**Student:** 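What follows is a single structure, and I will ask about it in a moment.
Just so it is clear, the structure is predicted and the values come from calculations on it, not from any experiment. Every chain is numbered from 1, with letters handed out A, B, ... down the list of sequences.
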There are 2 protein chains.
Amino acid sequence: MKAGTSKKTVKKSADFRRAAEVFKALSNPNRLLIVDALSEGERCVADLTALVGLDMSTVSAHLAVLRNVGIVSDERRSTQIFYSLRRPCLMNVFCCLDEFHSEGD
Amino acid sequence: MKAGTSKKTVKKSADFRRAAEVFKALSNPNRLLIVDALSEGERCVADLTALVGLDMSTVSAHLAVLRNVGIVSDERRSTQIFYSLRRPCLMNVFCCLDEFHSEGD
DNA sequence: GCTTTACTTGGTTATTTTGCAAAGTATCAA
DNA sequence: TTGATACTTTGCAAAATAACCAAGTAAAGC
């Protein structure tokens, strides 16, 4: 643990705003579907579009949301653009969610 | 690990919808502020209202959102209603988010 | 240069979210 | 039972989101 870092972190308004943005990016089922697909490796937009079954422009917008909060990155190779997950720890979030739901009432 | 459970879980549309609802509940800075406060113990609505600095009706609505996805539970004691976190693992999500941001570029 | 392919951006519409204020409900105390 | 306290619910306006289609851009091939 770094110096100046304590277990009980002091959180500021900006921290909550930033965290909320990440959660908001993950708050749509189609984006989660995309994130899940990317967890198995990079995919181009056409593949993701086929996967989610919406208009490509819509999928492109979803990818922009994920990109803007740093969840995915894109790389153009000739005419295609490949997206991939930037944050391996995102998969932990999914695991935590499984736990969340299986704790049930 | 239970029988019938594999590492590579097959996820259905309903799973993504349910997960998205939890993320949506966490996608607002004021709700995150509330969750953070509750991570230190139960609080009544008046206390949470003072904390977030919005109208009590607004805070009540935020609490309803968190309650509807099972993140918090409420218990009336005389005229006050105390809210508390139902899911300890939610704090793991916060840890994961810290990790998320500190990986950042 | 022109076309095609693969994507993104802009415009529009319907729906959802977030806030406040006012009215409603539950509990307690006088 | 009347009033006060502590919430919740309803009604409403402003802003954000998610979807489509149409138009714009970037790279590759002809």
**Student:** Take B:Val72 and B:Ile34, measure what side chain to side chain contact (heavy atoms under 4.5 Å, CB included) needs, and give me the verdict at the end.
**Tutor:** CA-CA 10 Å; B:Val72 304; B:Ile34 290 171; 5.7 Å; no
**Student:** Using a 3.5 Å distance criterion without hydrogens, assess whether the side chain of A:Arg31 forms a donor-acceptor pair with backbone atoms of A:Lys24.
**Tutor:** yes
**Student:** Using atom CZ of B:Phe82 as one end and atom C1' of D:dC7 as the other, report the distance to the nearest whole Å.
**Tutor:** 12 Å
**Student:** Establish, yes or no, whether the cationic atom of B:Arg77 lies under 6.0 Å from the six-membered ring centre of B:Phe82 and within 45° of the ring axis.
**Tutor:** yes
**Student:** Between D:dC21, C:dT8, D:dC7, which nucleotide has the shortest distance from any of its atoms to the side chain of A:Arg67?
**Tutor:** C:dT8
**Student:** Does A:Ser78 reach a base, just sugar-phosphate, or nothing at all? Heavy atoms under 4.0 Å.
**Tutor:** sugar-phosphate
**Student:** Strictly below 4.0 Å: does A:His62 bring a side-chain N or O up to OP1 or OP2 of D:dA19?
**Tutor:** yes
**Student:** C:dT18, OP1 or OP2 - any side-chain N/O from B:Asn28 closer than 4.0 Å?
**Tutor:** yes
**Student:** Between C1' on D:dT25 and CG on A:Asp74, what's the gap in Å once rounded to a whole number?
**Tutor:** 15 Å
**Student:** What nucleic acid atoms does A:Leu63 come within less than 4.0 Å of, heavy atoms only: base, sugar-phosphate, or nothing?
**Tutor:** nothing
**Student:** Does a side-chain N or O from B:Lys24 land closer than 4.0 Å to OP1 or OP2 of C:dT16, or not?
**Tutor:** no
**Student:** D:dC21 base to A:Ser57 side chain: any donor-acceptor pair below 3.5 Å?
**Tutor:** yes
**Student:** If I take atom CG in residue A:Asp55 and atom P in nucleotide D:dC21, what distance separates them, rounded to the nearest angstrom?
**Tutor:** 6 Å
**Student:** Within this structure, what is the CG-to-C1' distance between B:Asn30 and D:dA16, rounded to whole angstrom?
**Tutor:** 16 Å
**Student:** Quick one: is A:Arg31 getting a side-chain N or O under 4.0 Å of the D:dA18 phosphate, OP1 or OP2?
**Tutor:** yes
**Student:** Whether A:Arg77 contacts C:dA6 is assessed here as follows: a side-chain N or O lying under 4.0 Å from the phosphate OP1 or OP2. Is that the case?
**Tutor:** no
**Student:** Nearest whole angstrom, please: distance from the C1' of D:dA6 to the CD of B:Glu42.
**Tutor:** 16 Å
**Student:** What's the separation between atom CZ in B:Arg17 and atom CG in A:Asn30, rounded to the nearest 0.5 Å?
**Tutor:** 10.0 Å
**Student:** Which heavy atom in B:Leu48 sits nearest to a heavy atom in B:Ala37, and how many Å separate them?
**Tutor:** CD2-CB, 4.2 Å
**Student:** For A:Ser39 and A:Asp36, indicate whether the former's side chain and the latter's backbone hold a donor-acceptor pair under 3.5 Å.
**Tutor:** yes
**Student:** Any side-chain N or O of B:Thr79 below 4.0 angstrom from OP1/OP2 of D:dA6?
**Tutor:** no
**Student:** Ignoring backbone atoms, test whether A:Tyr83 places a side-chain nitrogen or oxygen under 4.0 Å from the OP1 or OP2 oxygen of C:dA6.
**Tutor:** no
**Student:** Where the side chain of B:Ala46 is defined as all heavy atoms beyond and including C-beta, which of D:dC21, D:dC7, C:dT8 is the nearest nucleotide?
**Tutor:** D:dC7
**Student:** Could you tell me the separation between the CZ atom of B:Arg17 and the P atom of D:dA18, rounded to a whole number of Å?
**Tutor:** 16 Å
**Student:** 5'-most contact on DNA chain C: B:Arg76 or B:Leu54, nearest heavy atom basis?
**Tutor:** B:Leu54
**Student:** For A:Met56 and D:dG24, what is the distance between atoms CE and C1' respectively, to the nearest whole Å?
**Tutor:** 15 Å
**Student:** Tell me the interatomic distance from B:Ile81, atom CD1, to C:dT25, atom C1', rounded to whole angstroms.
**Tutor:** 10 Å
